[in-house]
Amino acid sequence: LTLSAGANLTLVAVEQSGAKSPISLVNLTRNYLVPRSELVDIAAQVRVVHASPDAPAVDAVLEDATKVASALTYGAASTYAPTKAGSHTLTITSAGTTTPALVTSPLALTGSGSYSVFVMGLAASPLGVVLQDFLGAPTAGNARLRIVHASPDTVGLDVFQDDTATAAITGLLYKSASAYLTVPAGAHTYKFNLTATANAALPAQTLTLEAGKIYTAVVLGSSLAGAAKPLALNLITDR
């Protein structure tokens with residue numbers, strides 16, 4: 001914000017949903033031509049989720065040397081690392097090394113945005129899948145949950161919540177995420193069927209969700225018989 005001599009303004013904090021910061025700022029002036037303007041938030045944040053079943057632990061660093069993940073193991077998520085909005089490159093390597101890159105992921109981060117980079121696929125050809133996270137608080141008494149499909153050899157999934165006959169999520173494909181579901185706090189049962197069938201992809205899963213929290217549940221591993229890392233569901237607390 002550039003201030004000129006004699007400037008007279010008021011900064012108002014207003015609620016902002018789904019962003020790194022819970023507020024944004026509006027500038028009120030005495031200039032009738034431009035009575036108000038929004039101050040653009042240039043802060044963003046990014047994390048890494050390790051979902052490659054046969055890849056080693058990984059490190060992740062931005063092009064400005066900001067460390068995003070260190071020795072991150074399969075199934076785990078790093079904490080969010082702060083950075084600035086704009087174009088970035090995230091380089092993911094085996095833990096303790098700087099080359100070769102397992103994944104080089106371009107990022108386009110917006111102000112106040114939160115992002116997750118999922119390391120998916122097999123170690124021979126891993127890839128980075130970038131998803132934007134929504135961290136705005138859920139309504140009172142509720143949690144918010146999304147499902148991410150990160151199993152490279154599993155076809156589409158239908159997800160059923162609490163034995164309902166109608167799927168809460170249909171046709172969820174590899175490398176994609178569902179919309180966020182608003183769910184009452186408490187224990188809930190989730191069934192994962194292969195799309196448009198009654199065939200269970202994995203046993204029913206019980207998730208206990210706390211009011212006010214936001215979660216990502218990741219379907220990861222392999223559905224092949226005898227796989228070293230069988231299909232599983234990992235629950236990650238986003239906020």
Side-chain angles (χ1 to χ4, degrees), residues 44-81 83 87-109 114-133 146-157 159 169 171-178 190 192-195 199-203 205 207 215-238:
Q45 58 183 5
V46 62
R47 69 176 179 181
V48 173
V49 181
H50 190 329
S52 175
D54 64 342
V58 299
D59 295 341
V61 65
L62 293 172
E63 77 291 338
D64 61 1
T66 297
K67 196 82 166 182
V68 177
S70 181
L72 187 69
T73 56
Y74 173 66
S78 69
T79 57
Y80 285 103
T83 186
S87 297
H88 296 274
T89 299
L90 182 70
T91 301
I92 299 173
T93 60
S94 297
T97 68
T98 57
T99 57
L102 299 176
V103 173
T104 301
S105 183
L107 303 175
L109 310 183
S114 300
Y115 298 82
S116 294
V117 180
F118 288 78
V119 182
M120 296 189 189
L122 300 178
S125 56
L127 65 156
V129 177
V130 182
L131 298 176
Q132 185 162 7
D133 308 331
R146 70 173 170 179
I147 309 292
V148 173
H149 188 333
S151 173
D153 56 24
T154 303
V155 296
L157 297 170
V159 184
I169 300 165
L172 184 64
L173 299 175
Y174 173 52
K175 300 188 292 185
S176 64
S178 73
Y190 291 88
F192 295 80
N193 288 357
L194 302 179
T195 294
N199 300 324
L202 71 165
Q205 306 286 308
L207 302 180
Y215 300 90
T216 293
V218 186
V219 179
L220 74 177
S222 172
S223 59
L224 299 179
K229 300 286 178 61
L231 203 64
L233 186 71
N234 272 26
L235 185 65
I236 299 169
T237 301
D238 299 342

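All figures in this text were calculated on a predicted structure; none of them were measured in a lab.
- For the side-chain contact (heavy atoms from CB on, under 4.5 Å) test, residues two or more places apart in sequence or in another chain that qualify with V130 are S105, L107, Y115, V117.
- Across A95 and A71, no two heavy atoms sit closer than the pair CB-CA, 3.8 Å.
- One distance of note links CG of D153 with CG of L122; it measures 7.5 Å at 0.5 Å rounding.
- Considering all non-hydrogen atoms of both residues, L90 and A60 come closest at CD1-CB, 4.0 Å.
- Minimum heavy-atom separation, V68 to V46: CG1-O, 3.7 Å.
- In this view, T154 and S151, S223 satisfy the side-chain hydrogen bond (donor to acceptor under 3.5 Å, both in side chains) rule, not counting sequence neighbours.
- To the nearest 0.5 Å, the span separating OG1 on T216 from CG on D133 amounts to 6.0 Å.
- Using a 4.5 Å heavy-atom threshold, the side chains of I236 and V49 count as touching.
- With rounding to the nearest 0.5 angstrom, the CD1 atom of I147 is 4.5 Å from the CZ atom of F192.
- Each of V58, V218, L220 was evaluated against H50; a single residue qualifies, V58, per the side chain to side chain contact (heavy atoms under 4.5 Å, CB included) test.
- Here Q205 pairs with nothing under the side-chain hydrogen bond (donor to acceptor under 3.5 Å, both in side chains) rule; sequence neighbours left out.
- With rounding to the nearest 0.5 Å, the separation of OG in S87 from CD in E63 is 9.0 Å.
- The two residues A101 and T93 come nearest to each other via the heavy atoms CA-CG2, 3.9 Å.
- For the atom pair CG (D238) and OG (S114), the distance works out to 9.0 Å, reported to the nearest 0.5 Å.
- Within the 4.5 Å cutoff, the side chain of T104 has heavy atoms near those of the T89 side chain.
- For V148 against A177, the heavy-atom pair with the smallest separation is CG2-CB, 3.8 Å.
- The side-chain contact (heavy atoms from CB on, under 4.5 Å) search around S176 returns L172, L173, not counting sequence neighbours.
- Nearest heavy-atom pair across T195 and G171 is OG1-CA, 3.6 Å.
- Judged by distance alone, the side chains of S178 and R146 never bring a donor and an acceptor atom under 3.5 Å apart.
- The list of salt bridge (Lys or Arg N to Asp or Glu O under 4.0 Å) pairs with a residue in residues 98-109, not counting sequence neighbours, is empty.
- When the side-chain hydrogen bond (donor to acceptor under 3.5 Å, both in side chains) test is applied to S52, no partner is found at least two apart in sequence or on another chain.
- Looking at residues two or more places apart in sequence or on another chain, you find no side-chain hydrogen bond (donor to acceptor under 3.5 Å, both in side chains) involving Y74.
- Take A200 and apply the side-chain contact (heavy atoms from CB on, under 4.5 Å) test, not counting sequence neighbours, and it matches N193.
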Validation: residues 228-235 side-chain donor-acceptor distances under 3.5 Å, sequence neighbours left out:
unit_1 : atom_1 : unit_2 : atom_2 : d
K229   : NZ     : P53    : O      : 3.2
N234   : ND2    : G75    : O      : 2.9

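- The salt bridge (charged side-chain N to carboxylate O under 4.0 Å, His left out) search around K175 returns none, not counting sequence neighbours.
- Between the side chain of S116 and the backbone N or O of V48, no donor-acceptor pair lies under 3.5 Å.
- Once rounded to the nearest 0.5 Å, the distance linking CG of D59 with OG1 of T97 reads 6.5 Å.
- Scored by the side-chain contact (heavy atoms from CB on, under 4.5 Å) test, A76 finds L72, T73 as partners (sequence neighbours excluded).
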